[in-house]
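Note sheet for the following structure.
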Amino acid sequence: MYDEIDRPGPPPRRTGVAGFFTRSVSGELNVLLSSQSGRHMWQLPGGNAQDDEFLHEAYVREITAKAGLPAASPEEILVVDHVPRGVTEAEGLDIVFKGGEIPPNSALNAPHDTEDGPVTYKWATLHETNALCPADERDRIRSAHEAWTTGRTAYLVCGERYSARPVVLPPWDE
């Protein structure tokens, strides 16, 4: 009889999509970051896919509707990050698409109002993301940059690279 009691199951899997947008300023690579009002944390622009929505459609919707950015052809995936279920959070997959390069003088629709409140955008160097972003997002950004330069998609688990081969990355402070 105990087994017949309705207990809530785990929350459904969450699928996040984001874009890795870059620009070069004085020869230094900058990455576009976004922050939802009141959250005080920076991350790559994007959002969550809806139920039964294809990843490429979610990416285009999130980037064009929320960020007001032109979504590059979404066939290039830079990072897949598997985040196991936590105590209160659903298991998730975070997919980072190659967003493309944005010319330095391009205007962004920032701050941009969404159904979740205003979103602010900022450009940051890879080094600046160390202080601006939570650890798992910094790892996604670093892996997206590596995938962008090498042409090899990165598979992460909780923001950390999973690979049978050792990977040697250059230090951030070059």
Side-chain angles (χ1 to χ4, degrees), residues 9-23 29-37 39 41-86 88-102 106 108-110 112-124 126 129 132-165 167:
R13 177 180 277 179
R14 177 195 56 76
T15 305
V17 292
F20 184 74
F21 291 91
T22 60
R23 72 175 185 181
L29 184 72
N30 283 236
V31 177
L32 184 64
L33 301 175
S34 67
S35 180
Q36 194 75 40
S37 179
R39 281 189 156 170
M41 73 173 191
W42 293 92
Q43 60 190 23
L44 295 171
N48 289 320
Q50 298 170 356
D51 290 342
D52 297 324
E53 184 177 27
F54 289 110
L55 292 176
H56 65 279
E57 291 173 347
Y59 167 75
V60 170
R61 177 182 50 77
E62 288 290 333
I63 296 302
T64 57
K66 285 190 174 180
L69 294 168
S73 181
E75 71 260 2
E76 279 192 72
I77 293 176
L78 299 175
V79 175
V80 175
D81 188 5
H82 182 207
V83 182
R85 182 171 66 105
T88 59
E89 300 90 21
E91 173 189 24
L93 291 174
D94 290 317
I95 312 296
V96 179
F97 287 91
K98 180 179 178 182
E101 187 161 344
I102 297 178
S106 296
L108 297 175
N109 293 346
H112 189 73
D113 286 327
T114 69
E115 60 191 38
D116 299 323
V119 176
T120 304
Y121 297 92
K122 141 184 226 135
W123 289 100
L126 292 172
T129 62
L132 295 170
C133 303
D136 57 344
E137 190 68 11
R138 285 192 311 263
D139 293 339
R140 265 184 229 112
I141 291 168
R142 185 176 181 145
S143 294
H145 177 250
E146 179 190 352
W148 180 59
T149 57
T150 65
R152 290 181 47 212
T153 300
Y155 175 60
L156 311 177
V157 175
C158 295
E160 293 186 19
R161 176 176 283 286
Y162 179 86
S163 177
R165 294 179 286 184
V167 176

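In this chain, residues are counted from 1 in sequence order.
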### Task
Could you tell me whether the side chain of Thr22 reaches within less than 4.5 Å of the side chain of Phe20, counting heavy atoms only?
yes
## Note on the structure
The reported gap from OG in Ser143 to CD in Glu160 (rounded to nearest 0.5 angstrom) is 10.0 Å
### Task
Kindly write out the residues that satisfy side chain to side chain donor-acceptor pair (under 3.5 Å) with Asp81, not counting sequence neighbours, or none if the list is empty.
Arg140
### Message
Would you say that Leu32 contacts Trp123 through its side chain, given a criterion of any heavy-atom pair below 4.5 Å between the two side chains?
### Response
yes
### Task
Taking the side chain as every heavy atom from C-beta outward, state whether Val83 and Asp136 have any pair of such atoms under 4.5 Å apart.
no
### Query
Should Gln43 and Ser35 count as side-chain neighbours, where that means a heavy-atom distance under 4.5 Å?
no
### Task
Write down the atom of Leu78, the atom of Ala147, and the distance for their closest heavy-atom approach.
O-CB, 3.4 Å
### Query
Quick one: NE2 on His82 to CD on Glu91, what's the gap to the nearest 0.5 Å?
3.5 Å
### Message
To the closest 0.5 Å, what do you measure between CD1 (Ile77) and CG (Leu55)?
### Response
6.5 Å
### Counterpart residues, side chain to side chain donor-acceptor pair (under 3.5 Å), relative to Glu53 (two or more places apart)
Arg61
## Note on the structure
Closest heavy-atom pair, Tyr121 versus Pro45, reported as atoms and distance to 0.1 Å, is CE2-CB, 4.1 Å
### Query
Got Phe97 and Ile63 here, is their nearest side-chain heavy-atom distance under 4.5 Å?
no
### Message
Using side-chain heavy atoms (C-beta onward) and a distance below 4.5 Å, is Lys122 in contact with Leu132?
### Response
yes
### Query
Roughly how far apart are Lys98 NZ and Thr153 OG1, rounded to 0.5 Å?
11.0 Å
### Query
Between Asn48 and Glu62, what is the shortest heavy-atom contact and its length?
O-OE2, 3.3 Å
### Message
For a 4.5 angstrom cut-off between non-hydrogen side-chain atoms, does Trp42 reach Thr129?
### Response
no
### Message
Can you tell me how far apart CD1 (Ile102) and CZ (Arg23) are? Round to the nearest 0.5 Å.
### Response
9.0 Å
### Message
Quick one, Leu126 and Arg142 - any side-chain contact, counting heavy atoms below 4.5 Å?
### Response
no
### Query
Checking Glu137 side chain against Leu44 main chain: does a donor-acceptor pair fall under 3.5 Å?
yes
